[in-house]
Amino acid sequence: RKEVEQDPGPFNVPEGATVAFNCTYSNSASQSFFWYRQDCRKEPKLLMSVYSSGNEDGRFTAQLNRASQYISLLIRDSKLSDSATYLCVVLGATNKLIFGTGTLLAVQP
Amino acid sequence: DAGVTQSPTHLIKTRGQQVTLRCSPKSGHDTVSWYQQALGQGPQFIFQYYEEEERQRGNFPDRFSGHQFPNYSSELNVNALLLGDSALYLCASSSAGDRSIQYFGAGTRLSVL
């Protein structure tokens, strides 16, 4: 079983749609969680950290369910510029980041 | 304020050759981590350096080695290249205050023919 699992997509959605990505992780001792965004042939960039209480940044909402070892990212009012790969990331022991394979989002005009 | 810089941006090598990739961390950061990203996959952790020593290592063979210099910059060396080593190699830097927040460079795209 992979340490971090994501649906690879692609998710094809129209502009203005709401889209949700899900991710599960295997190590119940994990303490820190993140969503990164990666544009085609570019480096990953931190989108947001994920906190137990859930957190929001504009159109983006991240949630964590420790009991189910499940992380989610919700994007409201999708823009063309949101098209990218979204990587679910868990901080492993000793500060190494463990990445999922990423979910490809394509927002259509 | 320069971010994380990596060189070269692209590299083509043949099987059996050796390669050295370079990384300069973001200003104020002392920790460098290296990741390998194969096509269609998420980045995989190779190793992490701080205080000029390898501190953590992922599941990569000894052909992958590294170094950190007193100015915190780092090198990744790969010996006896295999076709499967073709990937985007990413360097990420972080500070001692919070090594979980890592900033990535643009990467070096290595093609092994």
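Just so we're clear, the structure is a prediction, and the values are computed from it rather than from any experiment. Order of the sequence lines sets the chain letters (A, B, ...), proteins ahead of strands, with each chain counted from 1.
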Shared hydrophobic cluster for A:F21 and A:F99 (ILVMFWY, side-chain gaps under 4.5 Å): no
Linked, directly or transitively: B:W34 and B:F64 (ILVMFWY side chains, under 4.5 Å): yes
From CD (B:Q102) to NZ (A:K96), nearest 0.5 Å: 12.0 Å
Interface moiety of B:Y103 toward chain A, non-hydrogen atoms closer than 4.5 Å: neither
Chain B interface, residue from A:R41, A:Q6, A:Q38 that has the most non-hydrogen pairs under 4.5 Å: A:R41
Residue part contacting chain A, namely of B:Q6, when any heavy atom lies under 4.5 Å: neither
Atom CG of B:N59: over 12 foreign heavy atoms under 6.0 Å: no
Those residues of residues 56-91 of chain A, ordered by number, that approach chain B below 4.5 Å (heavy atom to heavy atom): A:L87, A:L91
OG on A:S32 to CG on B:D98, rounded to 0.5 Å: 7.5 Å
Which atoms of B:R55 approach chain A - backbone, side chain, both or neither, heavy atom under 4.5 Å: neither
Cluster check A:L47, A:F34: I/L/V/M/F/W/Y, side chain < 4.5 angstrom: no
Residue B:Q48 versus chain A: region with a heavy atom under 4.5 Å: side chain
Interface moiety of A:Q31 toward chain B, non-hydrogen atoms closer than 4.5 Å: neither
Which atom of B:F45 lies closest to which atom of A:L97, heavy atoms considered: CB-O, 4.2 Å
Interatomic spacing from NZ in A:K42 to CG in B:L90 - rounded to 0.5 Å: 12.5 Å
Under 4.5 Å from any heavy atom of chain A - which part of B:Q41: both
same_hphob_cluster(B:L83, B:L39) at 4.5 Å side-chain heavy-atom cutoff: no
Options B:P43, B:G58, B:G42, ranked by heavy-atom pairs under 4.5 Å with chain A, top entry: B:P43
